[in-house]
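Notes follow once the structure below has been shown.
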Amino acid sequence: MLVRDAMSTVVLTIGPTHTLRQAAALMAARKVGAAIVHDPDAGGIGILTERDILISVGQGQDPDAERVHDHTTTDVVFAAPAWTLEEAAGAMAHGGFRHLIVLEDDAPAGVVSVRDIIRCWAPARQQVPA
């Protein structure tokens, strides 16, 4: 099975000047655990995850004052739609993260998460006799 078969095409893109509270509200409304951060001034694509927001709040930072750009991961590993799920899972395990932005023709096409991969693998694994 390939990344294109598992990825979510419901992609939330936010700007770097959103507050963390705004980002969290948008992520909750879309029911996604990560948002793609497009910063035209920085010239790249980053990612903000629910973990980034949790760390900030846990450190006592004000989610109404903290800006997304200060919590965005910009050293992003991107996946291709034609990667196997094993390749994606390997990249996640190696990098210690749970989401990959999927690029197609240099533009975000989706996001694949550990949960997406498990959803695809679980039915096949359940059918295998013990």
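Position 1 is the first residue of the sequence; numbering continues from there. Everything numeric here is computed off the predicted structure, so don't read it as measured data.
- The line from CG of Leu20 to CD1 of Ile55 is 11.0 Å long, rounded to the nearest 0.5 Å.
- With hydrogens and angles disregarded, a donor-acceptor distance shorter than 3.5 Å links the side chain of Glu87 to the backbone of Thr84.
- Note that CG of Leu48 is 12.0 Å distant from NE2 of His69, once rounded to the nearest 0.5 Å.
- Distance CH2/Trp83 to CE/Met7: 13.5 Å, rounded to 0.5 Å.
- Residues in residues 95-114 take part in these side chain to side chain donor-acceptor pair (under 3.5 Å) pairs, two or more places apart or across chains: Ser113-Asp116.
- Between Val77 and Ala91, the shortest heavy-atom contact is CG1-CB, 4.5 Å.
- Between Val111 and Leu100, every side-chain heavy-atom pair lies at or beyond the 4.5 Å cut-off.
- The stretch residues 70-79 participates, sequence neighbours left out, in these side chain to side chain donor-acceptor pair (under 3.5 Å) pairs: Glu66-His71.
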Output a table of donor-acceptor pairs, distance under 3.5 Å, between side-chain atoms of residues 27-38 and any protein atom two or more places apart or on a different chain; print 'none' if there are none.
residue : atom : partner : partner atom : Å
Arg30   : NH1  : Val11   : O            : 3.3

Exercise for the section: Start with the C-alpha gap between Leu85 and Cys120, add the side-chain angles, then the distance that decides, and say whether side-chain contact (heavy atoms from CB on, under 4.5 Å) holds. Expected result: CA-CA 9 Å; Leu85 294 185; Cys120 290; 3.7 Å; yes
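- The CZ atom of Arg51 sits 12.5 Å away from the CD1 atom of Ile53 when rounded to the nearest 0.5 Å.
- For the residue pair Pro81 and Leu2, the shortest heavy atom distance occurs at O-CB, 3.7 Å.
- Nearest heavy-atom pair, Trp121 versus Ala89, reported as atom, atom and distance to 0.1 Å: CH2-CB, 3.9 Å.
- Put simply, Leu54 and Ile14 are part of two different groups of oily side chains (I, L, V, M, F, W, Y) that touch within less than 4.5 Å, one to the next.
- Partners of Thr13 by side chain to side chain donor-acceptor pair (under 3.5 Å), not counting sequence neighbours: none found.
- The two residues Val114 and Met92 come nearest to each other via the heavy atoms CG2-SD, 3.5 Å.
- With sequence neighbours excluded, the residues satisfying side-chain contact (heavy atoms from CB on, under 4.5 Å) with Leu103 are Ile45, Phe78, Ile101, Pro108.
- Scanning both residues, Ala88 and Val3, for their nearest heavy atoms gives CB-CG2, 3.8 Å.
- For residues 17-29, the set of pairs meeting the side chain to side chain donor-acceptor pair (under 3.5 Å) definition, not counting sequence neighbours, comprises Thr19-Gln22, Arg21-Asp64.
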